[in-house]
Enquirer: 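My questions all concern the structure below.
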Amino acid sequence: MATTPNIRPLTPSDWQRYKSIRLRSLENSPDAFGSTFERELTLTDEEWQARVNPALREGLALPLIVEFDGNAVGLACGVIHRADVSVAHVYQMWISPEMRGKGIAKALLAQIKTWAVNMNCKCITLGVTTNNHAAVSLYKSFGFVATGDVEELRAGSALRSQTMVFELTDSYQH
Ligand SMILES: CC(C)(COP(=O)(O)OP(=O)(O)OC[C@H]1O[C@@H](n2cnc3c(N)ncnc32)[C@H](O)[C@@H]1OP(=O)(O)O)[C@@H](O)C(=O)NCCC(=O)NCCS
């Protein structure tokens with residue numbers, strides 16, 4: 001029996017495990033994400049497979065899963081868009097309710113940060129729903145700062161999303 005959660009990159013053969021935890025996260029935390037459970041239920045097998053196939057993204061994605069005692073208990077994905085390879089994005093951050101408060105999300109951010117530094121990014125950015133106090137606290141405690149205006153979380157939603165940025169150039173100096 002594992003005593004500590006294990007974080008590892010997802011591989012193409014994990015796509016069904018990834019699909020299951022991603023759908024669980026959207027169902028559990030509908031206000032935390034721009035996408036929705038209903039929308040992602042319509043994805044094809046090929047689309048789920050592509051999300052965890054770094055080869056298809058030329059290494060510009062780091063999809064991570066957290067496992068504990070054989071169960072998937074957390075998820076986060078680092079992504080660099082080709083339009084601006086100096087910026088790494090964090091998407092899909094979710095920890096299953098029974099595993100929260102143990103430092104797992106912070107450990108996921110640390111792995112994405114190491115990857116982003118190795119990819120020569122100058123910053124990491126993400127969007128967080130303004131009333132999501134746990135997530136806002138997480139990102140602030142890691143060193144992210146709010147930047148820019150708030151936007152609709154998704155079209156027609158009353159929820160607002162705030163962009164936050166973590167400057168990697170600053171972290172080199174410490
Ligand atoms: C937000 C979330 C990812 C945090 O995951 P977690 O593994 O519990 O977070 P950690 O244990 O790594 O916490 C790290 C820091 O975040 C802050 N934090 C986490 N949960 C918090 C809470 N409920 N209240 C206040 N601060 C919190 C704290 O500063 C904490 O540091 P500390 O333990 O030294 O005080 C988790 O609550 C979650 O999955 N929520 C639903 C989905 C979601 O909101 N995703 C974010 C999308 S942007």
Side-chain angles (χ1 to χ4, degrees), residues 2-10 14 17-41 43 51-52 61-81 87-117 121 123-168 170-171 174:
T3 51
T4 54
N6 181 52
I7 299 175
R8 68 172 176 88
L10 282 156
D14 292 314
R17 195 169 181 77
Y18 163 68
K19 174 182 176 181
S20 165
I21 187 171
R22 172 63 176 160
L23 289 175
R24 187 148 51 98
S25 71
L26 290 164
E27 205 171 21
N28 170 266
S29 310
D31 294 345
F33 305 109
S35 189
T36 64
F37 178 76
E38 292 72 21
R39 179 181 168 275
E40 299 210 3
L41 262 188
L43 295 181
R51 285 185 174 196
V52 288
L62 180 69
L64 295 171
I65 190 167
V66 188
E67 290 164 324
F68 184 69
D69 284 346
N71 299 313
V73 296
L75 197 63
C77 191
V79 175
I80 298 170
H81 298 297
V87 181
H89 301 255
V90 178
Y91 296 121
Q92 304 188 15
M93 173 69 79
W94 184 78
I95 306 298
S96 63
E98 75 282 5
M99 296 298 285
R100 290 179 191 166
K102 300 176 188 294
I104 300 175
K106 213 174 233 181
L108 284 165
L109 287 176
Q111 291 211 5
I112 291 172
K113 177 185 162 186
T114 300
W115 172 75
V117 168
C121 293
C123 68
I124 308 173
T125 187
L126 52 83
V128 61
T129 310
T130 53
N131 67 1
N132 186 347
H133 300 300
V136 171
S137 299
L138 162 70
Y139 300 132
K140 275 188 181 164
S141 79
F142 195 84
F144 282 82
V145 293
T147 182
D149 296 332
V150 295
E151 298 170 356
E152 274 184 344
L153 177 65
R154 64 182 86 91
S157 172
L159 296 166
R160 294 287 173 263
S161 175
Q162 171 73 61
T163 300
M164 297 186 83
V165 176
F166 181 84
E167 299 290 345
L168 292 168
D170 290 350
S171 67
H174 297 308

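Values below: every heavy atom of this structure, side chains too, minus hydrogens, waters and symmetry copies. Counting starts at 1 for both ligands and their atoms, in listed order. No experiment lies behind these values; they were computed from the predicted model shown.
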Enquirer: CH2/W94 to CZ/R100 distance, rounded to the nearest 0.5 angstrom?
Expert: 6.5 Å
Enquirer: Please check whether F33 reaches ligand 1 - meaning an N/O of the residue sits under 3.5 Å from an N/O of the ligand, judged on distance alone.
Expert: no
Enquirer: Between G127 and ligand 1, is there a nitrogen or oxygen pair with a distance under 3.5 Å?
Expert: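 No: no nitrogen or oxygen of G127 is under 3.5 Å from one in ligand 1.
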Enquirer: At under 4.0 Å between heavy atoms, which part of N132 makes contact with ligand 1: side chain, backbone, both or neither?
Expert: side chain
Enquirer: Among protein heavy atoms, which sits nearest to atom 37 (O) of ligand 1, and what does the distance come to when rounded to 0.1 Å?
Expert: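 Checked against all protein heavy atoms, atom 37 (O) of ligand 1 sits closest to R100 CD, 3.3 Å.
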Enquirer: In terms of atom number and element, which parts of ligand 1 are under 4.0 angstrom from non-hydrogen atoms of K102?
Expert: 11 (O)
Enquirer: Any N or O on A105 sitting closer than 3.5 Å to an N or O of ligand 1?
Expert: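 Such a contact does occur with ligand 1.
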Enquirer: Give me the nearest non-hydrogen protein atom to atom 8 (O) of ligand 1 as residue plus atom name, then the distance to 0.1 Å.
Expert: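 Residue, atom and distance for the closest contact: G101 N, 2.7 Å.
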Enquirer: To the nearest 0.5 Å, what is the distance between CG (D149) and CD (Q162)?
Expert: 8.0 Å
Enquirer: Nearest protein heavy atom to atom 13 (O) of ligand 1, by residue and atom, and its distance?
Expert: L138 CD1, 4.2 Å
Enquirer: Please write down residue, atom name and distance for the protein heavy atom closest to atom 25 (C) of ligand 1.
Expert: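 Going atom by atom, the protein heavy atom closest to atom 25 (C) of ligand 1 ends up being S137 OG, 3.8 Å.
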Enquirer: Measuring from non-hydrogen atoms of M93 to any atom of ligand 1, is the shortest distance under 4.0 Å?
Expert: yes
Enquirer: Which residue and atom name correspond to the protein heavy atom nearest atom 32 (P) of ligand 1, and how close is it?
Expert: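 Nearest neighbour among protein heavy atoms for atom 32 (P) of ligand 1, to 0.1 Å: K106 NZ, 4.5 Å.
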Enquirer: For atom 22 (C) of ligand 1, find the nearest protein heavy atom and state the residue, atom name and distance (0.1 Å precision).
Expert: A134 CB, 3.6 Å
Enquirer: Heavy atoms, side chains only, cut-off 4.5 Å: are L23 and L41 in contact?
Expert: yes
Enquirer: What protein heavy atom sits nearest atom 39 (O) of ligand 1, and how far off is it?
Expert: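 The answer is I95 N, 2.8 Å.
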Enquirer: Go through I124 and W115 one step at a time and tell me if the side-chain contact (heavy atoms from CB on, under 4.5 Å) criterion holds.
Expert: CA-CA 10 Å; I124 308 173; W115 172 75; over 6 Å; no
Enquirer: Cut-off 3.5 Å, side chains only: do Q92 and Y18 have a donor facing an acceptor?
Expert: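 The criterion, which ignores hydrogens and geometry beyond distance, is satisfied for Y18 and Q92.
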Enquirer: Which atoms form the tightest heavy-atom contact between A76 and I112, and what is the distance?
Expert: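 Here A76 and I112 meet closest at CB-CD1, 4.1 Å.
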Enquirer: Against heavy atoms of W94, which atoms of ligand 1 measure under 4.0 Å?
Expert: 39 (O), 41 (C), 42 (C)
Enquirer: Is it true that Y139 lies under 4.0 Å from ligand 1, counting heavy atoms only?
Expert: yes
Enquirer: Which heavy atom of N132 sits nearest to which heavy atom of A32, and what is that distance?
Expert: ND2-CB, 4.0 Å
Enquirer: Considering both backbone and side-chain atoms of G103, is one of its nitrogen or oxygen atoms within less than 3.5 Å of a nitrogen or oxygen in ligand 1?
Expert: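 Min N/O separation from ligand 1 is below 3.5 Å for G103.
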Enquirer: Find the distance between CZ (R160) and CD (E152) and round it off to the nearest 0.5 Å.
Expert: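 These two atoms lie 5.5 Å from each other.
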Enquirer: For ligand 1, note which part of Y91 has a heavy atom under 4.0 Å away: side chain, backbone, both or neither.
Expert: neither
Enquirer: Take atom 2 (C) of ligand 1 and look for protein heavy atoms under 4.0 Å from it; say yes if you find one, no if not.
Expert: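 Flag for atom 2 (C) of ligand 1 set to false, no protein heavy atom closer than 4.0 Å.
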Enquirer: Going by the angle between their ring planes, with limits at 30° and 60°, are F142 and F144 parallel, tilted or perpendicular?
Expert: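 Ring orientation, 0 to 90° scale: tilted.
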Enquirer: With a heavy-atom distance limit of 4.0 Å, tell me whether K140 approaches ligand 1 through its side chain, its backbone, both, or neither.
Expert: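 For K140, no heavy atom sits under 4.0 Å from ligand 1.
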Enquirer: In terms of atom number and element, which parts of ligand 1 are under 4.0 angstrom from non-hydrogen atoms of A32?
Expert: 42 (C), 43 (C), 44 (O), 47 (C)
Enquirer: Do you know the tightest heavy-atom contact between R154 and P30?
Expert: NH2-O, 2.7 Å
Enquirer: Starting from the C-alpha separation in whole Å, work towards a yes-or-no answer on side-chain contact (heavy atoms from CB on, under 4.5 Å) for L126 and M93.
Expert: CA-CA 10 Å; L126 52 83; M93 173 69 79; over 6 Å; no
Enquirer: What's the verdict on side-chain contact (heavy atoms from CB on, under 4.5 Å) for R8 and D14, showing C-alpha distance, side-chain angles and the deciding distance?
Expert: CA-CA 11 Å; R8 68 172 176 88; D14 292 314; 2.8 Å; yes
Enquirer: Atom CG of L109 and atom CZ of F166: how far apart are they, to the nearest 0.5 Å?
Expert: 9.0 Å
Enquirer: Relative to ligand 1, is S141 under 4.0 angstrom through side chain, backbone, both or neither, heavy atoms considered?
Expert: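 Within the 4.0 Å criterion, S141 contacts ligand 1 through side-chain atoms alone.
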Enquirer: Do any non-hydrogen protein atoms sit less than 4.0 Å from atom 35 (O) of ligand 1?
Expert: no
